[in-house]
Amino acid sequence: MIDTPHFPLSAVVGADDLKLALCLAAIDPKIGGVLIEGPRGMAKSTLARGLADLLASGQFVTLPLGATEERLVGTLDLDAALGEGRAQFSPGVLAKADGGVLYVDEVNLLPDHLVDLLLDVAASGTNLIERDGISHRHPARFVLIGTMNPEEGELRPQLLDRFGLNVALDGHTPAAERGQIIRRRLDFDTDPAAFCAHWESAQQALRERCQQARDRLTGIALDDVTLAQITERCFAAGVDGLRADLVWLRAARAHAAWRGAQAIADEDID
């Protein structure tokens with residue numbers, strides 16, 4: 001099968017906050033993924049697909065809106081288990097996404113129990129399937145990207161809270177940027193291979209920056225001074241629970257690694 005060229009993230013015009021959030025999630029998947037809100041036509045899926053190229057596997061897996069729980073987690077063949085003495089596992093979307101990006105379009109329209117399951121696995125990095133006393137466990141470490149159009153229904157607050165980062169696109173693109181976006185899209189559609197080749201050096205630089213940040217990440221301390229600043233600001237904002245404090249701390253460390261720094265600074269917290 002020939003891989004279809006995808007629009008490179010480095011060629012995307014504007015959406016700087018979103019591109020940064022995606023890169024931070026790629027640097028430290030434990031941040032908990034990114035939820036992208038915005039109207040249709042804002043290239044949300046293009047940006048999410050471009051992120052996959054920054055990860056080692058380059059894997060990009062989409063969860064269909066009408067997916068069943070078995071399609072998501074995989075299945076166990078009990079007949080094989082009884083006959084062969086071992087569980088025969090058929091992988092689902094979670095197994096296929098391991099090491100890459102799991103993309104969920106219109107996540108606000110997914111059944112709540114599937115979203116709950118998705119977020120649990122994204123947080124733990126492990127998928128456990130149990131059926132009639134037989135179980136199978138496999139790694140499922142991926143960057144979870146959810147997109148939604150708020151006009152089509154909100155995501156329950158409990159689920160919204162469990163995405164690490166949330167970026168809202170307002171749909172009002174400046175005129176100068178609109179022209180650039182259209183021109184690059186037309187160039188890409190005319191000759192995708194030539195367009196990707198033109199942007200390959202910039203894309204490679206982005207890949208290397210993300211990889212260097214991943215390598216640097218564990219050497220950056222999650223220090224008490226930074227934690228105190230974050231917890232004070234979460235308390236002042238009246239944030240419920242402690243999840244925001246942890247995500248903020250991880251994101252600040254990822255941002256420091258992104259900058260090439262050795263320690264978290266105020267600009268990383270901001």
Examine distances only and state if a side-chain atom of Lys19 and a backbone atom of Val12 form a donor-acceptor pair shorter than 3.5 Å.
yes

Which heavy atom of Pro5 sits nearest to which heavy atom of Ala193, and what is that distance?
CG-N, 4.4 Å

Going from CD1 on Ile145 to CG on Leu22, what distance comes out if it is rounded to the nearest 0.5 angstrom?
5.0 Å

Please walk me through it: do Arg137 and Glu130 pass salt bridge (Lys or Arg N to Asp or Glu O under 4.0 Å)?
CA-CA 9 Å; Arg137 186 189 303 268; Glu130 294 181 296; over 6 Å; no

Side-chain contact, heavy-atom cut-off 4.5 Å: Phe142 with Val121?
yes

N/O donor-acceptor pair under 3.5 Å between Arg141 side chain and Thr126 backbone:
no

Report the C-alpha distance between Leu9 and Thr46 in whole Å, list the side-chain angles of each, state the deciding distance to 0.1 Å, and finish with yes or no for side-chain contact (heavy atoms from CB on, under 4.5 Å).
CA-CA 8 Å; Leu9 193 62; Thr46 298; over 6 Å; no

Shared ILVMFWY cluster between Leu227 and Val247, side chains joined below 4.5 angstrom?
no

Let's go through Asn166 and Glu37 carefully: what are the C-alpha distance in whole Å and the side-chain angles of both, what is the deciding distance for side-chain hydrogen bond (donor to acceptor under 3.5 Å, both in side chains) to 0.1 Å, and is it a yes or a no?
CA-CA 8 Å; Asn166 179 203; Glu37 296 185 60; 3.2 Å; yes

Rounded to the nearest 0.5 angstrom, the CG-CG distance for Asp98 and Asn127 is 10.0 Å

Do Leu144 and Leu246 sit in the same hydrophobic cluster, where Ile, Leu, Val, Met, Phe, Trp and Tyr count as joined when their side-chain heavy atoms come under 4.5 Å apart?
no

Lys/Arg N to Asp/Glu carboxylate O, Asp270 vs Arg233, below 4.0 Å:
yes

Distance-only, no hydrogens or angles: does the Arg259 side chain make a donor-acceptor pair with backbone N or O of Ile264 under 3.5 Å?
no

State yes or no: do Leu117 and Leu102 share one hydrophobic cluster built from I, L, V, M, F, W and Y residues joined by side-chain heavy-atom distances below 4.5 Å, directly or via other members?
yes

Counting heavy atoms not belonging to Lys30, are there more than 12 under 6.0 Å from its NZ?
no

In short, Ile129 meets Leu76 closest at the heavy-atom pair O-CD1, 3.8 Å

Any chance you could lay out the side-chain contact (heavy atoms from CB on, under 4.5 Å) test for Val13 and Arg178, step after step, and finish with the verdict?
CA-CA 9 Å; Val13 177; Arg178 293 175 79 94; over 6 Å; no

What one should report as the nearest heavy-atom pair of Trp199 and Ser10 is CZ3-O, 3.5 Å

Of all heavy-atom pairs between Ala21 and Leu165, which one has the smallest distance, and what is that distance?
O-CD1, 3.8 Å

Can you get from Val239 to Phe163 by hopping between Ile, Leu, Val, Met, Phe, Trp and Tyr side chains that sit under 4.5 Å apart?
no

How close do Leu55 and Val101 get, heavy atom to heavy atom, and via which atoms?
CD1-CG2, 3.6 Å

Are any of the side-chain heavy atoms of Ser45 and Thr62 separated by less than 4.5 Å?
no

To the nearest 0.5 angstrom, please state how far the OG1 atom of Thr226 sits from the CD1 atom of Ile269.
4.5 Å

Any donor-acceptor N/O pair, Arg209 side chain to Trp258 backbone, under 3.5 Å:
yes

What do you reckon, is CG of Asp189 surrounded by more than 12 foreign heavy atoms closer than 6.0 Å?
yes

Answer yes or no: is there an ion pair linking Arg250 with Asp28, defined by an N-O contact shorter than 4.0 Å?
yes

Tested for side chain to side chain contact (heavy atoms under 4.5 Å, CB included) against Arg253, the lone hit among Ile27, Leu24, Asp268, Ile220 is Ile220

Taking atom CG of Leu51 and atom CZ of Phe60, what is their separation to the nearest 0.5 Å?
8.5 Å

Which heavy atom of Met148 sits nearest a heavy atom of Leu155, and at what distance?
CE-N, 3.8 Å

Going through the distances and angles, do Arg156 and Asp112 end up as a salt bridge (Lys or Arg N to Asp or Glu O under 4.0 Å)?
CA-CA 8 Å; Arg156 282 198 297 121; Asp112 287 344; 2.5 Å; yes

Any side-chain heavy-atom pair from Phe195 and Arg184 closer than 4.5 angstrom?
yes

Spell out, yes or no, whether Leu65 and Val61 are grouped together once hydrophobic residues are joined by side-chain heavy atoms under 4.5 Å, including indirect joins.
yes

Step by step, work out the side-chain contact (heavy atoms from CB on, under 4.5 Å) result for Leu63 and Leu118.
CA-CA 10 Å; Leu63 178 66; Leu118 256 180; 3.9 Å; yes

What distance separates Asp191 CG from Cys196 SG, expressed to the nearest 0.5 Å?
9.0 Å

For a side-chain hydrogen bond (donor to acceptor under 3.5 Å, both in side chains) check, start with the C-alpha distance between Thr231 and Asp245, then their side-chain angles and the critical distance, and finish with the verdict.
CA-CA 6 Å; Thr231 54; Asp245 307 57; 5.1 Å; no

Taking the basic N atoms (NZ, or NE/NH1/NH2) and the acidic carboxylate oxygens, is any pair closer than 4.0 Å for Glu106 and Lys44?
no

Could you walk me through whether Leu186 and Arg183 pass side-chain contact (heavy atoms from CB on, under 4.5 Å), step by step?
CA-CA 5 Å; Leu186 290 172; Arg183 170 48 55 200; 4.2 Å; yes

Please determine whether side-chain hydrogen bond (donor to acceptor under 3.5 Å, both in side chains) holds for the pair Thr190 and Asp187, giving the CA-CA distance in whole Å, both sets of side-chain angles, and the decisive distance to 0.1 Å.
CA-CA 5 Å; Thr190 299; Asp187 289 345; 5.4 Å; no

Can you classify the ring geometry of His136 versus Phe89 as parallel (below 30°), tilted (30 to 60°) or perpendicular (above 60°)?
parallel

Nearest 0.5 Å, please: how far is CG in Asp53 from CD in Gln204?
8.5 Å

Taking side chain as C-beta onward, heavy atoms only, is Leu18 less than 4.5 Å from Val34?
yes

Evaluate side-chain hydrogen bond (donor to acceptor under 3.5 Å, both in side chains) for Glu208 paired with Gln212, printing each intermediate quantity in order.
CA-CA 6 Å; Glu208 290 175 0; Gln212 288 166 3; 4.9 Å; no

